[in-house]
Amino acid sequence: MNFDLSDEQKMLGEQARGLLSARSTFDRLRALIDAGFEWDEPLWRELAEMGFLGAAIPEVHGGLGMSELDLAVISQELGRANAALPFFSSIVLAADAIRLAGSDAQQSEWLPKLARGEIVACFAYAEGSAGWTGGAVKARLANARLIGTKTPVADGGVADIAVVLTEVGGEPGLALVRLDQPGVTRVKLASFDQLRAHYSLIFDGAAAEVLDAQPAREVLDQLFDRAAVQAAFEGVGGAEACLYMARDYAMERQIFGRSLAGYQAIKHKLADVYAGVELARSAAFYGAWAAADGGNELPAAAAAARLQAIDAFERAARENIQVHGGIGYTFEANCHFYYRRERTLALSLGGRERWADRLIAHLPDLRSEAPDHAKAA
Amino acid sequence: MNFDLSDEQKMLGEQARGLLSARSTFDRLRALIDAGFEWDEPLWRELAEMGFLGAAIPEVHGGLGMSELDLAVISQELGRANAALPFFSSIVLAADAIRLAGSDAQQSEWLPKLARGEIVACFAYAEGSAGWTGGAVKARLANARLIGTKTPVADGGVADIAVVLTEVGGEPGLALVRLDQPGVTRVKLASFDQLRAHYSLIFDGAAAEVLDAQPAREVLDQLFDRAAVQAAFEGVGGAEACLYMARDYAMERQIFGRSLAGYQAIKHKLADVYAGVELARSAAFYGAWAAADGGNELPAAAAAARLQAIDAFERAARENIQVHGGIGYTFEANCHFYYRRERTLALSLGGRERWADRLIAHLPDLRSEAPDHAKAA
Amino acid sequence: MDFKDTPEEAAFRTTARAWLAANAPEFELPAGVHIEDAEEIRLGRAWLARKTANRYGSILLPETYGGRGGTIMEAVVFAEEEGRYRLPRGAYVGIGIGMAIPTILKHGRSDQVERFVGPTLRGEMTWCQLFSEPSAGSDLAGLRTRAVKDDAADEWVVNGQKVWSSWAHLTDWGVLIARTDVSVPKHKGLTFFVVDMKTPGIQVRPIRQISGLKDFNETFLTDVRIPDTNRIGAVGEGWACAMTLLTGERLGQGGEGKDRGIIDLIRFAAQTPRAEATALDNSAVRLALAGAYAEEQAEKHFQARLRTMISRGENPGAAASIVKLIYSNRYQKTSGLAMEIREMAGIAHAPDDTFTPELWYDYIWSTALRIAGGADEVLRNQIAERVLGMPGEVRTDKNVAFDKL
Amino acid sequence: MDFKDTPEEAAFRTTARAWLAANAPEFELPAGVHIEDAEEIRLGRAWLARKTANRYGSILLPETYGGRGGTIMEAVVFAEEEGRYRLPRGAYVGIGIGMAIPTILKHGRSDQVERFVGPTLRGEMTWCQLFSEPSAGSDLAGLRTRAVKDDAADEWVVNGQKVWSSWAHLTDWGVLIARTDVSVPKHKGLTFFVVDMKTPGIQVRPIRQISGLKDFNETFLTDVRIPDTNRIGAVGEGWACAMTLLTGERLGQGGEGKDRGIIDLIRFAAQTPRAEATALDNSAVRLALAGAYAEEQAEKHFQARLRTMISRGENPGAAASIVKLIYSNRYQKTSGLAMEIREMAGIAHAPDDTFTPELWYDYIWSTALRIAGGADEVLRNQIAERVLGMPGEVRTDKNVAFDKL
């Protein structure tokens, strides 16, 4: 048993953190918003060059073949920096979907390009409030033509291709669609997160190929579980950034003749934030280990990681502004990046309810092992 | 519009509070527990003599004919004192059931005796975890004979009669049963609240009369709504007692060279308890007014009062012990009375879920008045 | 206790309702659209002028000042009825009516009352508030803006920086608190002024907020000259004036018709499709929203109790602090929850969706509400100290001259 | 990172599991029944003796002291496996193993190590803790029990009152902290002793607790004479000894196999009938219990991270405080919720119902857990100050002689 990152993983994290803290500063983020950019394209190129994009893509397909935990270390740093990059869309979701469901030929065609950052992919699953589970998916693929509307789709504006959750012959399926074709219309939506643009993708007979090396029904749960772990790390990184922003601000702010950080109201608030961050990180560690291990612990571990990370980041993002006081409400104070990203993470992949259900569905033998009290119930 | 008690009501409250603080001291409560008594019988007699038991019973039936708000003032003081009395069972529930559902003859026979405290009644509705709504009631009345088990029944040990929720000819009905007859067996249960004893009442063909001047189906909701308002006042009284116990203890306790009450952790905790108490009191006021007014505001007002009172008392009872520290865990420190009574109140009459459902069911026109966004949903 | 109108109140309500039906619609703001600030303030002035011309501008002020001389319950009735319309009643009129006028009436001289009260009530004079500073928010008495007397000119020369001055870019006058003596403890060296916002040396710069709006400002004061006749109250009496003003603010909080709040979210959940028919059929959603609704109603009734106290001449004091404390926290929780109810559609919306942007604005604005006008932590201190009588914080700055801190 | 056993750990687990299967059952406590205290302590001594005879008494202590000299991961493996049985491992053995021995080993002389460590490990010497006092709980250094040296007899004469001394009525020895110098600041005048509980002048009185149990005591010390050879560490070094001891306590918290906690409640909900089939089909219940389960698992993995740190010789320090803080609050919330899930049957139960009384005990005991061994508020202070580096409380008592306070 060993419950810590390896030295190599720590180094990887420091490397990513170093790059992001130098390139993806708050000044840079504000400049991106003001310029109306949907991503930090030069930074994406740098990530690609340093191998971060291909970290978890198999070596045969041009990646580094590292583990889910290595990927998680990168996700955490992206969360900490609140980076404006389509990493979650293109790498965590789309590339993983191609790896899980694509044929060898499809993997060979697309994964190297994704790993090198030559193209960007988005992953189109939602269809509005209606969700995407059960019979909710209305998009249809027939005769290699896709019809339907997916919305909202993160990074749908900067993506070259989309992996689309659709119906194929009465079953859920995953289709790969090039976005630069006549049958595709992209409608930009207003996005809560100013650094993660969402689109409606309208497919009106667009040419599409099915990813069907494995049945989508089996792939989807696994894909979402794996993505949930990465989202948890992104959330932990963001929550931790909030914690230390708030701590540092409180340390320097004087109020009623002493440091704001000396008041119990502030100390106890941040102690609770700290506890949330560390618990969420612990749950995320276990989730990443379970993803890498490939055993049947993944669904419950991913769900627990997701639930803890949502709670931790929510609290951290809210209280960070609170500790900053009025200045926290200004665009220049940077708290808002996390306040917006937090909701985006929390509402993507299905919210708390979906993961609570999934967690409980994957606990062992709830109805069979009767505890003592059942007799008296 | 006038949102306060009348001077008469305030006087009534002071009178009740004076009596209870003199007679129903914590020493007295501890002595009752040690003696194994299920109620404070002498105090019950005093309450009867002062007219408190008959406060809301009509004058024609030997009561004072006062309003629900007057009764509420008494309930609040009983909650504050954590009194060991069957007031909620005998007066708030059973007497009200007889008044609402009984014929003139039944009212004339029983209400004066209840008002004078000559007899005590209990109200038997639950049948274990299964609840008592819908098809859950298994007790059956046929040919004036009652068969079934009601459990748990508060004050079932000291009661002379029971008003029983039972099925009568396929419909819910209320029956009145004398408990001193061969067809009745009382089994004492272990009760969480050491000052409110609960029983199983087993009816094996006991003689019973139906209260059917009004259909029980109509009476029951009203009865529970009215009782919920009184329970809310009892909870507010208890919560307020906890608040000031904690405050007073913190004021006198010294820690690290200064008053415990000077630490923000304690101050902010009690500020939140205070806010909960005052909101709950405000909701309870409105509930009592709605009960007295007889308009259709009662269901939502009662549900809101109940929800707020459960939250307020729960928080107050828990944090009272916390502020006391180790001493709060001793029997002598008296915090436990409220900690136990709180759960008893919270779990009686159906818990949070029942009242949340009832509140939402009684809001106006949820599906018809579409807000702007419905178009875009 | 009676939650219904008395016959007199009912009669007043009928009259007010009829008057509003005839007059309010032409001043209503469009739903879900932000109009130009200048246009909104123009509408706001005109609506206030219309009300005052009909003795609805201030229900409570005596008729001699242009008010109605009514009861607090009449004020409540009118606010409830007025709340049915989407009217321009922003800080540009609220600060004048609710803060500047009460302070001038209590601390000002009769010629000052004469100069400012009538024009303010008629919408001719709009107001902003120059109180908070970058290093003086919750600790207002730590403010650093200096006012130095030029005895020769009988003027004060003011230098400093103020923040969070809503609408300062468009209002006529400001209420200002400045330090006139640094040699005494911090609360004692302050003086209260009113200042014409067109005075040379005043520069107003919009603050870019996290909501995207810019309706708050920072205001720089550089050698701004204020005639001594615009000083309100005695020199050094500024803290008392500020307290009068902030009491007006506190009692005003949450006072507007907020009834639509949670019921709108419940309706919204009832109309959002889900596996269980609608989101409202989900018991977790139901429990959360019912709890929020119960709290909202309880708060409404608590405010009603406060008004009953005030109508009897009692002062509820810090007890009133719970209103904003509870409200702003609930507001953050429920707007965050409402976004979750919307699932993925809660984070990105199409142009024709006017509800989601309102939720977003709520979720962002709630953070400001938890801070402005008494932060959560300040309000809890006030309740603990002033209502529950618990000891104040350990203070090292209280009896020390400001320039020795 | 690997959440699975290494081959060595797996081998040790197999061995330990087999040994436990052969030895543990005869020492198991009956489920749902409280046996006599004296009988429990007898069983506890015997179980510890059996373990120590087989080198399982302390996995971490070196073999020379009677331990196994194993790794922290082996200690974890053994605790997990031992946790599968309902064994007598109360404070009567825990204080000796987890608190007295580490303190004596760090601060005691070799003859003291000789005298106390072996017998304690073999279950021959049981221990209680004489630390807290009526007016010194969270503020332990404020304790008033006095120890005065009788130089002629080379003994200390101790007078005072201790509270919360679990099992003091039945244990052999106590760890005691007393004030030996009132002329220095409070933390500096303390000295640490071990005391034979049969010494004349020690009177142990049970405290009646709100749970109905009486396993805690108050202990009155009247002219109790302690030989100087039973002093541990130097005179005035008591606070350092106490910190060593309490670190042992903190790391021990929540360390036992608590896995059954939330899953038991989830099972219970799955078996409680409701309108929606079972209580677990209610989404509010599901959300609350899934959240609690996720938190519980996260905490378990957090503890695993702490153990990895310790196994590398790093000191997690105050970060470990979050375990009890989170655990005890969750425990109160979930046991209260479980009572609610039971509806009316949650407040009164029939004699054959053994689950409801466990819920009641949990709901009551959770209040003690939020206080004992570091109250919520103390733990939050520690995290803020020692982990986040935020300033300590304003202290007026720190550099003042105790008799001048």
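Quick note: numbers below take in every heavy atom, side chains included, and nothing from hydrogens, waters or symmetry partners. A note on names: the letters A, B, ... follow the listed sequences, proteins ahead of strands, and every chain is numbered from 1.
- With salt bridges taken as basic N to acidic carboxylate O contacts below 4.0 Å, one links Glu314(A) and Arg318(A).
- Taking Met309(D), Glu299(D), His349(D), Arg312(D) one by one and counting their heavy-atom pairs under 4.5 Å with chain A, the maximum is reached by Arg312(D).
- Proximity to chain D is limited to the side chain of Arg258(A), based on heavy atoms less than 4.5 angstrom apart.
- Chosen from Leu243(A), Ile266(A), Leu279(A), the residue pairing most often with chain D at heavy-atom distances under 4.5 Å is Leu279(A).
- Aromatic rings of Trp360(D) and Tyr363(D) (six-membered ring for Trp) have centroids beyond the 6.0 Å cut-off, not under it.
- Ranked by heavy-atom pairs shorter than 4.5 Å toward chain A, the options Gly291(D), Gly389(D), Ala288(D), Ala304(D) are led by Ala304(D).
- At a threshold of 4.5 Å between non-hydrogen side-chain atoms, the residues Glu77(A) and Gln15(A) do not count as touching.
- The aromatic rings of Phe313(A) and Tyr338(A) lie perpendicular to each other, with more than 60° between the two planes, well past the 30° mark.
- Neither the backbone nor the side chain of Leu359(D) has a heavy atom closer than 4.5 Å to any heavy atom of chain A.
- For Phe3(A) and Phe285(A), the distance between ring centers is not under 6.0 angstrom.
- The closest side-chain heavy-atom distance from Gln76(A) to Arg281(A) is below 4.5 Å.
- In terms of heavy-atom pairs under 4.5 angstrom with chain D, the leader among Ala301(A), Ala288(A), Ala304(A), Ala280(A) is Ala304(A).
- In this pair, Tyr263(A) and Phe256(A) present their aromatic rings perpendicular. The plane angle is above 60°, beyond the 30 to 60° band.
- Only the side chain of Ile326(D) comes within contact range of chain A, with at least one heavy atom under 4.5 Å from a heavy atom of that chain.
- If you tally non-hydrogen atom pairs under 4.5 Å between each of Glu353(A), Met251(A), Gln264(A) and chain D, the highest count goes to Gln264(A).
- Among the candidates Leu69(A), Leu270(A), Asp357(A), the residue making the largest number of heavy-atom pairs closer than 4.5 Å to chain D is Asp357(A).
- Of the listed residues (Asn2(A), Leu359(A), Leu5(A)), the greatest number of heavy-atom pairs within a distance under 4.5 Å of chain D belongs to Asn2(A).
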